[in-house]
Amino acid sequence: MADLLIVDDDVDTADLLSEMLRFDGHDTRVANDGSEGLSLARDRKPDLVVLDVEMPKVSGPEMAHEMFLRDRGLESVPIILCSGVLDLGGVAASVGTRYFLPKPYALDSLLSLIGRVLRERVPPAPPSEER
Amino acid sequence: MMATDAGSASSRRLAWLLVGSFALTIASFVAASAVSEYRARGIEEAAESITGNALPTVDCLSRARTELREISLLLERLSDEHGGPKSAAEDMSRLARTRDVLATERNRCLALPNYPGEEEIEDRASARAREMDASIDEVLRRYEAGNRQAAAQELHAKTQTAIDRLDAELVEEIDLNASQSTALGARIAELRASSRRTGAVLNALSAVLAAIAAFVMLRILRRFARLMETRVSDLEHFAGRVAHDIRSPLASVGLALDLTKRDPELGLKKGVLDRATTTLQRVGQLVDGLLLFARAGKAPEEGTMASVGEILAGVVDDMRPFAEKNGITLELEPVVAGITARCSPGVFVSLISNLVGNAIKFMGTSDVRRVTVRARDIGRSVLVEVSDTGPGVPASEKDRIFDPYVRAAEATIPGIGLGLATVRRLADAHGGAVGVRANVDRGSVFWFELPKARTPSRRAVGRDWAPVG
């Protein structure tokens, strides 16, 4: 089982997702904004980050940017973007990750995507390479 | 609001500039046509005077001089002793015809209009003609009496002199008409040159004004296009935010249902379904906010009124616990009894709740934490102010803070930016106004005014006060 970091400013969503993933046997940690997420990721490198887009203080794309550019080791952590923003595919392309899931989603879709990511373990690529 | 006013004033200035430019362009064209018409009339009159007066006068006077010379020659021949009787009779007959023709030509001249000074010449010429005719008659009488010598004496002594003097008057009148023709020709040339100059100036002015009008129109169109782009961008932003703010809580509701489905006991134990219910209520509030905004533009029904003092007291009492939870003192200054606004109580509650709620939510970390509500009767309207000691509104956001879909750039407070937009839409629909100004020491004062009950809306009667600041 994997060490998953959930970063979402919607406290209910983050807690429930954590509960569900624990139920599935994963270790989970929860952060409610990007800066808190970065702090937890620096404390212990996660296997995967489930990342919201719009958050106060540090947004999801800003956190992904920080992980890629400034934190040695964190650039190899795969990221799943989960958000209700309209152009989530475009945001994912700008972040450089190939994994994203628009809200609201079925739990099975998320679990399936998490399983795929943990198998592939493809970290975000620089946006220029992705394009 | 103040910056928005400045923007409106700028748009009004542009619109007036456009109207002014168009009006001046048209005025310039009209002036050019009028000047051109005036000059053309002057030219026409001068040309008419030349062709209808000066030239015919010169013509008939020249003919008269010809006849005068003929008379002089005939008289010379009659006085010549070498002519036979037959020749003399013919000359007498020709002399009579020539004298008639001379009289006819002179009458034709007299029938034409006179230039200044011409009448005196004609009077003198008539006197000379009478002298000449009398002398010719005397010559003919002596000639017919067979006294040729006496006839020749009269002819050389008086008649020829009278003929010369008449001829001199005719020449003088011809000169006067010729000089009038010359002057009129010069006048025509001057009018044409002046007309060309004035036309060129007015046409250039028209071109400049038309260019200004085109430039202003272009600026207005560009401004309109920018406004439309901003509106489209705002709408897109708003649609995205609404989608996000509805989709995100729905995701947690879905997770709650999934968790409960997998492990109903765990779901109940952790209160997951209760949280899902709360989340759905939040979505409901969001939809309510959207509906309120959509309906806020509706005008009030006749006879609706809200008791200002009672509603303010009720709202402040209701919101005080929320304020105190945030460490804020919420106060209502005494309101004069009996003030009523021309709106439904629900609308008044919505207006004041939005402003007070915003003041509490956006108090931030200010050390002095106070929100004060006050209401004043300002004649035809009621003015309500919500004064806070928060961080204030940044100058960059004052322009659009009452626009829909707009929130502070760094806002961390939940919301979709419809609260103040709804306040303005409600106030506008009720013939009122909204605004914000900096507080005297710190924070902001958000205000709205509504017409008092049973008085015409401010739109109909005009503004009779101005908010401070």
Side-chain angles (χ1 to χ4, degrees), chain A residues 4 6-26 28 30 32-36 50-62 80-91 94 100-114, chain B residues 232-283 286-287 361-362 364-365 405 407-417:
Chain A
L4 308 181
I6 299 160
V7 188
D8 196 319
D9 66 331
D10 188 314
V11 178
D12 286 349
T13 302
D15 288 349
L16 283 166
L17 187 57
S18 171
E19 203 71 52
M20 297 290 293
L21 294 174
R22 280 178 184 278
F23 192 81
D24 243 42
H26 297 290
T28 59
V30 170
N32 293 122
D33 65 65
S35 65
E36 193 185 345
V50 179
L51 185 59
D52 189 13
V53 173
E54 289 195 354
M55 289 184 294
K57 295 181 188 170
V58 176
S59 71
E62 286 167 349
I80 297 176
L81 281 183
C82 284
S83 172
V85 297
L86 285 182
D87 183 22
L88 187 58
V91 179
S94 73
F100 59 93
L101 193 61
K103 287 180 182 175
Y105 46 74
L107 182 63
D108 289 342
S109 303
L110 180 63
L111 293 177
S112 164
L113 182 59
I114 288 173
Chain B
V232 168
S233 167
D234 285 348
L235 190 60
E236 199 177 339
H237 178 69
F238 173 66
R241 183 164 289 283
V242 169
H244 173 269
D245 286 3
I246 290 177
R247 281 170 160 186
S248 293
L250 288 182
S252 77
V253 172
L255 286 174
L257 293 175
D258 276 336
L259 180 64
T260 309
K261 200 161 67 183
R262 287 187 176 207
D263 187 344
E265 224 172 278
L266 182 66
L268 286 171
K269 198 171 91 184
K270 288 190 171 281
V272 169
L273 289 179
D274 291 341
R275 283 158 75 182
T277 305
T278 308
T279 303
L280 283 177
Q281 283 170 349
R282 213 168 73 219
V283 174
L286 174 62
V287 174
K361 277 199 290 184
F362 292 98
T365 55
Y405 335 128
R407 298 181 68 220
E410 300 298 325
T412 57
I413 310 294
I416 58 169

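Here is how names work: the chains are called A, B, and so on, in the same order as the sequence lines, proteins then strands, and each is numbered from 1. Just so we're clear, the structure is a prediction, and the values are computed from it rather than from any experiment.
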Exercise. Which of the residues Asp9(A), Thr13(A), Leu17(A) is involved in the greatest number of heavy-atom pairs with chain B at under 4.5 angstrom?
Worked result: Thr13(A)
Problem set entry | Reported CG-to-CG distance for the pair Leu255(B) and Leu16(A), which is rounded to 0.5 angstrom | 6.0 Å
Seminar exercise, completed: Output for pair (Phe23(A) CZ, Leu259(B) CG), nearest 0.5 Å, gives 7.0 Å
Problem set entry | Verdict with supporting geometry, Asp15(A) and Arg275(B), side chain to side chain contact (heavy atoms under 4.5 Å, CB included) | CA-CA 11 Å; Asp15(A) 288 349; Arg275(B) 283 158 75 182; 3.3 Å; yes
Exercise. Contact part of Ser248(B) toward chain A, heavy-atom cut-off under 4.5 Å: side chain, backbone, both or neither?
Worked result: both
Exercise. So, do His244(B) and Leu86(A) sit near enough that their side-chain heavy atoms are less than 4.5 Å apart?
Worked result: no
Seminar exercise, completed: Asp8(A) meets the side chain to side chain donor-acceptor pair (under 3.5 Å) criterion, sequence neighbours left out, with Lys103(A)
Problem set entry | Distance-only polar pair, side chains of Ser252(B) and Asp10(A), donor-acceptor under 3.5 Å | no
Problem set entry | Where at least one partner belongs to residues 104-113 of chain A, residue pairs that pass side chain to side chain donor-acceptor pair (under 3.5 Å), sequence neighbours excluded | Asp108(A)-Arg262(B)
